[in-house]
Structure formats: structure tokens, C-alpha cells
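The first residue of the sequence shown is numbered 1, and numbering continues consecutively from there. In listed order, ligands and their atoms are each counted from 1.
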Amino acid sequence: MRLSRYFLPVLKENPSEAQIVSHRLMLRAGMIKQSAAGIYSWLPMGFKVLRKLENIVHEEQARAGHIAMQMPILQSADLWRESGRYDDYGEEMLRMQDRHGRDMLFTPTAEELITDIFRSHVGSYKDLPLTMYQIQWKFRDEIRPRFGVMRGREFYMKDGYNFDLTKEDALHAYNRHLVSYLRTYERMGLQAIPMRADSGPIGGDDTHEFLVLADTGESEVFYDSAVTDLTFGDREIDYDDVAQCQAVLEEFTSKYARTDETHDQALFDAVPEDRRRTARGIEVGQIFYFGTKYSEAMGATVQGPDGKPVPVHMGSHGIGVSRLLGAIIEASHDDKGIIWPEGVTPFHCGIVNLKQGDDEADAACSALYKSLTALGLEPLYDDRKERAGGKFATMDLIGLPWRITVGPRGLKNGVVEVTCRRTGESEELPPEQAIEKIA
Ligand SMILES: Nc1ncnc2c1ncn2[C@@H]1O[C@H](COS(=O)(=O)NC(=O)[C@@H](N)CS)[C@@H](O)[C@H]1O
């Protein structure tokens, strides 16, 4: 992409309304623009990152054997009356009436709707196990939306729902989600620690939240520092193997790690003192097992092996896709701006032309742009007639992992300058080697 033809409204100043660094940087880097409290327009570069995150979520859900689909953002109140949550859900639910006076709502989550779809079409235990998920906009009328996309009112969530014949099968689905979440977050350059949590309005008695440790996190957490040594990495796993997935659950949740809602000081005291930590965390996902709470309320049964109707065992599992942009920036930035992990960066490399209009420099930049594009390494070419300092500051702010600087002097020596955003180290290399270095 050429910057002269893009839409990247970077801000020079720190917006006063931003209290945390990710909110400040997303506004300054021209990624989002608030349209109302807790509601944002996703400008081109923010939208590009959002789609990269969404693609990673889709890939890891597919790997786990979960099926993508999509439900509407507006729902009828009828299903929520059936489950009894229409009144329980309280002020966070945005309610409205259509022109015929029918009660509607802007979906905050979708257990009822997916259960209705299931009960309309699935009648036999032979059709189980079944996990379907969507990535869809949600609305929760937060009383105090804040911290940009971190706590919005309209936000993008992956919500998945499993349907199983027995509790054991549903707990295996729970473990499949835990594994897929560990992989998902690591691919985004994040360490998200599974912690025992409270089930809140979703319900159920088994639930873990996934938290990214960050001083600006809203959750207070207590954990054994040994959990921060755990990584899933690129180990192979058979998602259908119950024992393998159970082993991952035990490996990642046997050490003490809890949010303040479920914290148990007596258990925490059993952790060796030098390993006890309290911190703050950003909740980037949550998985739930809630048994037959919705299937009994809504008559979602299947014919069991003995021919008798059985209410299915369910769970729901969410990832805060839009919140993740904030969490990644909180975990990866410096005083000059964002530092995108390579797996989620909007563009792989910036090209800075020190003398736009100089034939040799322009030609070298265009050749670099072509070669990088041919390799699938999306470059953002700053071809504006701007001072070098301004171009460097923009590249540092928007946080691309690599920058290639092209100028007449370097070209006389047959070299360009390659700079790594994370380390700040620069090296002069011939253009071909520069491309090899960043590929
Ligand atoms: N106001 C919000 N703004 C941004 N992200 C949010 C907000 N509320 C929740 N999330 C994200 O959405 C994830 C899932 O939300 S949840 O309430 O925990 N779970 C559910 O709604 C389940 N129905 C999952 S299918 C959270 O872990 C969090 O990362």
C-alpha cells in the first residue's frame, strides 16, 4: 500500500480522553475513531488488524473441529423469555421494539438462539458431538465504557457453543476450547493465562478466564509464578483424544491461578511464598461448562442410545476479538508507539523514501515494493513528500516490525537501511539481502 493513497489519520497529540496506552495509541495511529460512547468506527489500519485476529481465530477453531456459522445481531425477546434471561440480564441488554411493537434486543451473547437452532434440527445422540461458533458484533450497554476497545459497548466476539450427550463429552469440548485458546493467543504474541473465574450471567459452575497480565488490566489476579513458564508452542495434539486434551488442562490449570472473584487465600498460602504473585490482567477470553441449564429450559433434547430423550450438555466459549487489539498493544509497545507481533501486524514492513521525487530513490523504493509484495510481505510505502523525521515517527507510532529506509547516499554505496522496530537495531544491506533479512 502507498501511504499517499491510504487513509491513515494519525494524530500528533495524545487525545485527552485516553487513559491507557492502548487507547491512546489506537487513536493516535489512526486505527479507530469513537462514534459514540463505547462505540467505534474501525478505520482502515485498525480494521486490517481486526481481520488478521479474526483469521487466526477461525483457523484455530477449524483445527479444533468447531464449525463456523453466523447468527443475527438483532434477536427477538421471545427466546430470552423462554430461558428466563430476558429479565435477569438487566440494564446491559439494549432493548427495542420494531414497528409492529415486537420486543427485540441487540445480542449481548447467543446461548438461546444457538440452542433454538440446535433443537429445531438435531434429534439423535448420533448427531453429537457438535460445536458451532460465530464471530459477531455484540452489544452490552456498559454503565461506564472506557479504555477504548477494551471495554466497549459494541464489541467483536468469537462465541462458540458445544452440544454433547454427557457431561464427560462436554468437558472434553471444554478442554478442546482451552487448547485452541492457548494456541490462538500464542499466535498473537500473547501469554494468556487460564484462571478459575466466576460464571456471572452466563451461568454454570466450571469456567476459566484467559488473562493477559498488564498493569492496566481490570481484573485483579492471584497466581503461582510457575504458570508464567508454561507455553503450548507448536506441539502436535489430537483434538479428538480425550486424554491428551485433559492432560493440557491439568498442565495449564493445576498451579494456583485465580481472579479475585474466586480467590481462595488458604489455597494461595500453600503456594511457596517466593512464587506467590498478585497482579492485574486483561480478560481476553472465557470458557464455560453449564450442563443442561439452557437445554432443559428450552427443551433441547436428543434421543439417547436407549431411545429416551436426553437434555444435551452444553458450554459456551468466548474470545474478545476486538478487545485483543488493546491487549496486544498493552503487552507490546514502547514510548514511541506500537510494536506489532509479526503474526498480527497490519503491514510486514514500512518503506521510507528519504528523497521522494529523486529518480534513483523512487526507482529503488518501487523495486523493493514489488519484490516484497511478490513474497506476500505486505509493505506500507511512505511515498509522501515529508521530512524524514516525520516519516520515522509515523513508522515508529504505527509499529510495523520492520522498516527499510532508502536514500540517495545509501544507494551510492549500493545499500539500504533495515531497522527492526522491536530492538531499534539498524543495518545497511544491499536491497536483496534486506528483503531476505525481513522475509
Ligand atoms: N464490553 C466489552 N468490550 C470488549 N470485549 C468484551 C466486553 N465484554 C466481554 N468482552 C470479551 O468477550 C469475551 C467473552 O465474553 S463473556 O461474557 O466472558 N462470555 C460470553 O459472552 C459467552 N457467551 C461466550 S460464548 C470476554 O472474555 C472478553 O474478552
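- Residue contact check: Gly285 has heavy atoms under 4.0 Å from atoms 27 (O), 29 (O) of ligand 1.
- The proximity of Asp159 to ligand 1, defined as any non-hydrogen pair under 4.0 Å, involves the side chain as well as the backbone.
- Ligand 1 lies within reach of Phe288, whose nearest heavy atom is under 4.0 Å from it.
- Among all non-hydrogen protein atoms, the one lying nearest atom 15 (O) of ligand 1 is Met157 CE, 3.5 Å.
- Between Phe139 and Phe106, the ring-plane angle classifies as tilted under the 30° and 60° cut-offs.
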Arg176 and His66: side-chain hydrogen bond (donor to acceptor under 3.5 Å, both in side chains), yes or no, with the steps?
CA-CA 9 Å; Arg176 276 203 315 273; His66 303 157; 3.0 Å; yes
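- Near Val284, meaning under 4.0 Å from any of its heavy atoms, are these atoms of ligand 1: 27 (O), 29 (O).
- Of the candidates Glu283, His317, Gln286, it is Glu283 that places a heavy atom closest to atom 26 (C) of ligand 1.
- Checked for salt-bridge contact, Arg183 and Asp234 miss the test: no charged N lies under 4.0 Å from a carboxylate O.
- For atom 13 (C) of ligand 1, the nearest protein heavy atom (residue, atom name, distance) is Gly320 N, 3.9 Å.
- The aromatic rings of Tyr89 and Trp80 stand perpendicular to each other, their planes meeting at an angle above 60°, with 30° marking the opposite boundary.
- Ligand 1 has no atom lying under 4.0 Å from any heavy atom of Arg153.
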Could you walk me through whether His23 and Phe147 pass ring-ring contact (aromatic ring centres under 6.0 Å, His included), step by step?
CA-CA 6 Å; His23 186 194; Phe147 303 159; 8.1 Å; no
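- Nearest protein heavy-atom contact of atom 24 (C) of ligand 1 is Gly318 N, 3.3 Å.
- No side-chain N or O of Glu378 forms a donor-acceptor pair with one of Thr373 less than 3.5 Å apart.
- Residue contact check: Glu111 has heavy atoms under 4.0 Å from atoms 22 (C), 23 (N) of ligand 1.
- With hydrogens left out, the protein atom closest to atom 28 (C) of ligand 1 is Arg323 NH1, 3.5 Å, a heavy atom.
- Salt-bridge annotation for Glu60 and Arg187: present, with a side-chain N of the basic residue lying under 4.0 Å from a carboxylate O of the acidic one.
- Contact analysis puts Val149 in contact with ligand 1, with a non-hydrogen atom separation below 4.0 angstrom.
- Salt bridge status for Glu261 with Arg196: absent, with no side-chain N to carboxylate O gap under 4.0 Å.
- Between Lys391 and Glu386 there is no salt bridge, since no side-chain nitrogen of the basic residue lies less than 4.0 Å from a carboxylate oxygen of the acidic one.
- For a threshold of 3.5 Å applied to N or O pairs, the pair formed by Arg140 and ligand 1 contains at least one separation below that value.
- At least one donor-acceptor pair closer than 3.5 Å links the side chain of Arg146 to the backbone N or O of Arg144.
- Judged by distance alone, with hydrogens and angles left aside, the side-chain atoms of His121 form no donor-acceptor pair with the main-chain N or O of Phe118 at under 3.5 Å.
- Near Thr109, meaning under 4.0 Å from any of its heavy atoms, are these atoms of ligand 1: 21 (O), 22 (C), 23 (N).
- Heavy atoms of Met150 come nearer than 4.0 angstrom to ligand 1 in at least one pair.
- Of the protein's heavy atoms, Phe155 CE1, 3.6 Å lies nearest to atom 10 (N) of ligand 1.
- Remark: distances from the non-hydrogen atoms of Gly152 to ligand 1 include one below 4.0 Å.
- In the vicinity of Glu142, heavy-atom distances shorter than 4.0 Å reach the ligand 1 atoms 1 (N).
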